[in-house]
Amino acid sequence: MFKKVLIANRGEIALRVIRACKEMGVKTVAIYSTADKDSLHVRFADEAVCIGPAQSSQSYLSIPSIISAAEITNADAIHPGYGFLSENADFSKICQDYKIKFIGPTPEMIQAMGDKITAKSYMKKAGVPTVPGSDGLLKSLSDTYKIAAKVKYPVILKATAGGGGRGMRIVNNDEEMEKAWTDAKMEAAACFGNDELYLEKFVVEPRHVEIQVMGDGKGRVVHFSERDCSIQRRHQKLVEETPSPVMTDKLRKKMGDAAIAGAKIINYEGAGTFEFLVDKFGDFYFMEMNTRIQVEHPISEEVTDFDLIKEQIRIAAGLPLSTESRFPARYSIECRINAEDPRHGFRPSPGKITNLHFPGGRGVRVDTHVYSGYTIPANYDSMIAKLIITASNREEGLNRMKRALQEFVIEGIKTTIPFHIKLMDDPIFRSGKFNTSFLETYDFSEI
Ligand code: MV4
């Protein structure tokens, strides 16, 4: 086992990793920017190193500063958390070069799944269902018209270097194609320095259902059931739940097997997530694979009674997978509490928390780094807490979530709590019959 793990992250995920390390008897090193000097991850870790100023580019994204901090403190592994450098193949490679174990996949795996065309071709080869479309990259505009005619409109243009909704354009007919093509290429070039596009049939009003996997890098892969992430606004997830309201035992088996086959074809190591689109017929299609632990991982932990962060650390240390695949035995839901004003376009609301009270009781978990008197810096992600509820079934879970949200007090800033309280009473949300377009037409004025 590792002697000392450096956590290359901040906020709640840094705390989450520190907690896992402590319970495993592993020493921890926090890194922090000057804006985070009063953060809990700095206080909870055994050691802490200031690595730079507030701007992420000069602190949490600065590979030389982080490697130096690991060298100075003699850390033998780095946990990247999510965001920041977690899916940076160069960082994984540099850790290798410095003989510091990157707790996650190899640079090759990150690179392969980061390029969406490459990822899709691996999945096809593994027999994972993919959306019909171009066979690889689009070579020319005239080529693109032909492929669109073959798969039939509507279609979607996606950047191979994209993901998470950036560099995409929906195209409904030949007339819209040229502008969409030009715009997508421009955006992809500006955002990713790579303007290569591919085309897919546009799946109308899909649900977003993802499967958590864990691989040992030696050919064994297991899954931890699914998460439904269809409640999103502008590609930002707000609520995740498991089991998915549309899941059946048969579909879960098929999706779980597909995810395992996809992970096995790249000999996957570490925690990963297969994102699928599920259409109204219950057919599912591979969308992307995320090669990191995700924000919403706790709901999978709650329903399978399994610590995913500890398993990440064990696998990175060369230990075998400690479980078979697990299926949900309960219901769990997470609401993301962001320092944003849902009444005004979810605009960021940083500042000082003047009064704070956490909800409690059975089935209530709060993963957060905030405390009373804490000032939320304006430099980073606005997520300040995750409220995770576990219950016997969906109805009990939603009732418990509403109750816990009502107990939650955060004063001094605006948060997404009022939105979540209203959502828990929404008849469409309650019915379980919604898709990724649900929030596009939602009335946020009466929260
Ligand atoms: C799609 C799609 C429909 N058809 N691909 C959005 C994020 C990126 N991962 C891919 N996305 C989509 N890809 C095909 N062929 C619809 C979306 C999509 C979406 C997916 C999941 C959750 C929310 C979404 C919101 C808008 C579009």
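All ligand and atom numbering here is 1-based and tracks the order in the structure.
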Distance alone, cut at 3.5 Å: any donor-acceptor contact between the side chains of R314 and S322? yes

Tell me whether K201 forms a cation-pi arrangement with Y285, defined as NZ or CZ under 6.0 Å from the six-membered ring centre and within 45 degrees of its axis. no

Please report the interatomic distance [atom1]([X]) to [atom2]([Y]), rounded to the nearest 0.5 Å.
X: H369; Y: D36; atom1: NE2; atom2: CG; result: 7.5 Å
X: S225; Y: E301; atom1: OG; atom2: CD; result: 13.5 Å
X: I51; Y: I67; atom1: CD1; atom2: CD1; result: 11.0 Å

Atom-level proximity to ligand 1, residues with heavy atom under 4.0 Å: V131, I156, K158, G164, G165, M168, E200, K201, F202, V203, H208, Q232, H235, E275, L277, M287, E288, T436

Applying the salt bridge (Lys or Arg N to Asp or Glu O under 4.0 Å) criterion to E302, which one of R330, R365, K386, R227 satisfies it? R365

